[in-house]
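Heads up, the thing below is written out as structure tokens.
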Amino acid sequence: MSRQRVGQRASKLFGVTLREPPAETDTASHALLVRAGYVRQLAAGIFSYLPLAWRSLRKIEQILREEMDGIGGQEMSMPVVHPAEPWQASGRWYEIDDAMARFQDRRGRDMLLAMTHEEVVALHSASELRSYRQLPNLVYQMQTKFRDEPRARGGLIRVREFIMKDSYSLDRDREGLEKQYQAHYDAYTRIGRRTRLPLTAVRSDVGMMGGRAAHEFMYVTPIGEDTLALCDECGYSANRDVAAFAPAAGSGPGQDNSGLLPELVHTPQAATIADVAAMLGVERKDTAKIVFFVGSKAAADPGSRAGVQESGEAGEVRSAAEEKLIAVVVRGDMEVNQVQVQYAAGTADLRPARDEEIRAAGLVPGFASPIGVTEGAATVVVDETVVASGGLVAGANKVDYHFRHVRCGRDYEPDVVSQVAAVYEGAPCMTCAGPLRLVRGVEVGNIFQLGTKYCESMEARYTDEHGAEQPIWMGSYGIGVGRLLACIAEEHRDDHGLVLPAPVAPFHVSLLGLGRGDEARAAAVAVYEEFKEKRIEVLFDDRWELSAGVRFNDSDLRGLPLRVVIGERSLKAGGAELKRRSGGEAQTVPLDELAEVVRDLLESC
RNA sequence: CGGGGCGUGGCUCAGUCCGGUAGAGCGCUGCGUUCGGGACGCAGAGGUCCCCGGUUCAAAUCCGGGCGCCCCGACCA
């Protein structure tokens, strides 16, 4: 709770309420945040936080600050504008395309807007950290990031400019890193509790961050853009990108008859799995489908792409020789998990192959088959479930023909066998075989064990007790502050507006002065002054000229945890009317007890 | 980056097909009435119809180009 006197008159509040939601608000919580006067959009994915939102964000930041300090963090602040050099040294200047906002300063020096701060932390660590005596260490900041998303959406959920709490652990070895990683895991769990937002930790892909382990902290909601696989029986949870499941052995017709050899069958016009299955009288799971991608290795020598400024140049610099065709074989009823294909095939980038690229490898789009892929023409990646299955229906690499009874390992040789099928609703859990459930979620926070990657490129080393130079081990941990607020708003609302929990609400009390009489008005003003004096954060609706209905509705919309009404009616009843925004009965409280009762009630909001 | 939609007062939108005086509701200002769940009357202010160019006697409206915003997909640390 703030130490300062905090009060605001609604008549002067910068940020009005809107009766109708602006046209371009897609999610319920975002419409409310706009209508209630919390946020305003300046450009696609770029928002201003008006005083109400800013007060909430500062409270959220304070919670984050306390939790970071609690695990030994030191707050600092690093620039939003970076020179290109550190990002060139780490390679990310070249690996990241349009998502990075680049520009040149007046001298023509390459600059960028920070997307995150690993490079700069590593750079500073190189100069500040020299001895094992200074480790472990942990620094963090609340800082603006800019990521030029191809498509911003969902209000504050997916924006281009955002404030992030980002912390960076610095350790002498893997054990130290794992310790700080776990400390963050626990801190994030506490943060979810304190902000009243249910968070689910899931295993996740390391993506462009690199490194070993990673978890995401997800708010499960239908408006989420990520898909999670959860096991209710053993608690396994993972992002769909990395979710593992037990390969199911096939049991369909043909699959039992392991002795049967491939048999060519005529399947005119049947270019989709559904067509083929129907024509041959089998189920989709008795078929195998082959999906083609073109993967590219990231340029080994960063210099080969130096100076890339425009997205259009990127494709020209990357030579065709770096690309390879990847043929992925999954069961007909399953989808391909592209992230896992990247790992299996060892490529950095993946895109669907064009028909002419498939033909160039001597294959027939629509009827392509893993049988007869010319050595070296394509990397054949076969899903584990396909290997575990018996004879499946597969393409014959000949227009209008398929094979029955095709078996991996007997009829064709895979280059890689891996789980490249995407997890599906009801898939058997890897650890307990229970059915996995797929839900949507918003990534509120993430934690990465980076290892020595960034510190090595910045030459951040320490000297150990034997006098030997060692690389520093880094972990990186983020929480989107605005995204957290957006998720809290999504979780805590009703038909009338926001219902914010006290720890993150911009004010504690919405005070309404009703009625025309001088006595009632004086009483309301007196309570306003008293609340301020007693450090109860109060938003005082002093707009007596408006009708009561308007003011009640505005109060509900803004969603402060408590509402106090003082008017002729309440005075006649014995004082002020006090009501929780979250529901329940209103109570009448004598004015001389009001502040105390309010303070007590706040403890449970 | 592919597909689609939209751009008119502060907000939500009509008007565009079929060219001819810029509109409604809400909000805002003033006066009066009302006064515990989005009140009422009267008076009023407020618009480069996204921008540039073209066609035309005449363009919010038709044509060309651009910009912005939104949705679906691709992508995403």
Side-chain angles (χ1 to χ4, degrees), chain A residues 16-27 30-31 34-35 37 40-46 87 90 92 95-100 114-119 145-155 157-160 162 164 166 204-211 214 216 225-226 239 241 293 311-312 314-315 338-339 342 349-352 442-443 445-448 450 454 476-480 483 495-497 512-517 520-521 524 541 543-557 563-573 576-577 579 586:
Chain A
V16 299
T17 56
L18 305 175
R19 186 179 294 222
E20 295 176 90
E24 283 96 16
T25 51
D26 43 3
T27 60
H30 186 237
V34 174
R35 281 188 56 211
R40 294 289 183 255
Q41 179 167 323
L42 186 62
I46 299 179
W87 291 74
S90 73
R92 290 206 282 191
E95 290 162 15
I96 299 169
D97 287 332
D98 297 342
M100 183 187 289
M115 306 173 71
T116 174
H117 284 76
E118 283 80 12
E119 280 83 354
K145 314 283 190 236
F146 188 86
R147 298 177 185 178
D148 198 356
E149 295 287 345
R151 187 178 157 205
R153 60 187 140 181
I157 301 288
R158 186 177 186 77
V159 292
R160 297 194 291 170
F162 56 98
M164 187 178 214
D166 47 326
S204 68
D205 183 41
V206 295
M208 81 164 197
M209 288 296 192
E216 290 165 340
E225 298 187 284
D226 290 294
N239 189 301
D241 292 344
F293 295 94
S311 58
Q338 292 194 29
V339 171
Q342 287 187 37
D349 204 16
L350 211 59
R351 62 168 172 84
V442 174
E443 180 189 349
N446 54 40
I447 56 179
F448 292 96
L450 296 177
Y454 293 98
S476 150
Y477 317 86
I479 287 184
R483 191 178 270 192
D495 292 342
H496 302 288
L512 268 65
L514 294 183
R516 280 189 307 174
R521 291 193 181 187
D541 194 338
R543 300 171 301 168
W544 277 284
E545 69 278 9
L546 295 182
S547 75
V550 170
R551 300 163 70 197
F552 277 120
N553 283 324
D554 277 357
S555 179
D556 288 347
L557 189 55
R563 187 186 74 196
V564 170
V565 181
I566 294 173
E568 275 131 22
R569 184 186 291 186
S570 76
L571 290 177
K572 217 168 283 174
E577 177 194 283
K579 191 172 187 299

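In what follows, chains carry the letters A, B, and so on, assigned in the order in which the sequence lines appear, proteins first and then strands, with residues in each chain numbered from 1.
Going from atom CD1 of A:Ile46 over to atom C1' of B:C70 covers 16 Å, rounded to whole Å. Atoms CZ (A:Arg158) and P (B:C69) sit 16 Å apart, rounded to a whole Å. In this structure, A:Arg40 places its CZ atom 10 Å from P of B:C11, rounding to the nearest Å. In this structure, the CD atom of A:Glu443 is 17 Å from the P atom of B:C75, given to the nearest Å.
Going from the C1' atom of B:C69 to that of B:U8 covers 15 Å, rounded to whole Å. Taking atom C1' in both B:G38 and B:A74, the straight-line distance is 43 Å, to the nearest Å. Taking the C1' atom of each, B:G7 and B:U61 are spaced 14 Å apart, rounded to whole Å.
Residue contacts shown for A:Pro150 include a base, since a base heavy atom lies under 4.0 Å away. Nucleic acid contact for A:Glu149: base, since at least one base atom lies under 4.0 Å from a heavy atom of the residue. A:Pro21 comes within 4.0 angstrom of the backbone, heavy atoms only, and of no base.
For the side-chain hydrogen bond (donor to acceptor under 3.5 Å, both in side chains) test, no residue two or more places apart in sequence or in another chain qualifies with A:Thr25.
Nearest to the side-chain atoms of A:Glu24 among the listed nucleotides B:G25, B:C70, B:C75 stands B:C70. Among the nucleotides B:G25, B:C70, B:C13, the one closest to any side-chain atom of A:Ala23 is B:C13.
Phosphate proximity of B:C70 to A:Gln41: present, with a side-chain N or O under 4.0 Å from OP1 or OP2.
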Between protein and nucleic acid, restricted to nucleotides 22-24 of chain B and to nitrogen or oxygen atoms under 3.5 Å apart, what atom pairs and distances do you find?
none

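RNA chain B is contacted by both A:Gly155 and A:Glu225; A:Gly155 maps to the nucleotide lying nearer its 5′ end (nearest heavy atom per residue).
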**OP:** Begin with the C-alpha distance, continue with both residues' side-chain angles, and end with the deciding distance and a verdict on salt bridge (charged side-chain N to carboxylate O under 4.0 Å, His left out) for A:Arg563 and A:Glu577.
**Re:** CA-CA 8 Å; A:Arg563 187 186 74 196; A:Glu577 177 194 283; 3.1 Å; yes
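Base pairing of B:C62 is made with B:G54, judged by Watson-Crick or G-U wobble geometry with both donor-acceptor distances under 3.5 Å.
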Subject >> Contact pattern, 5' to 3', of nucleotides 33-38 of chain B - B, S or - by protein heavy atom under 4.0 Å >> reply: --BBBB
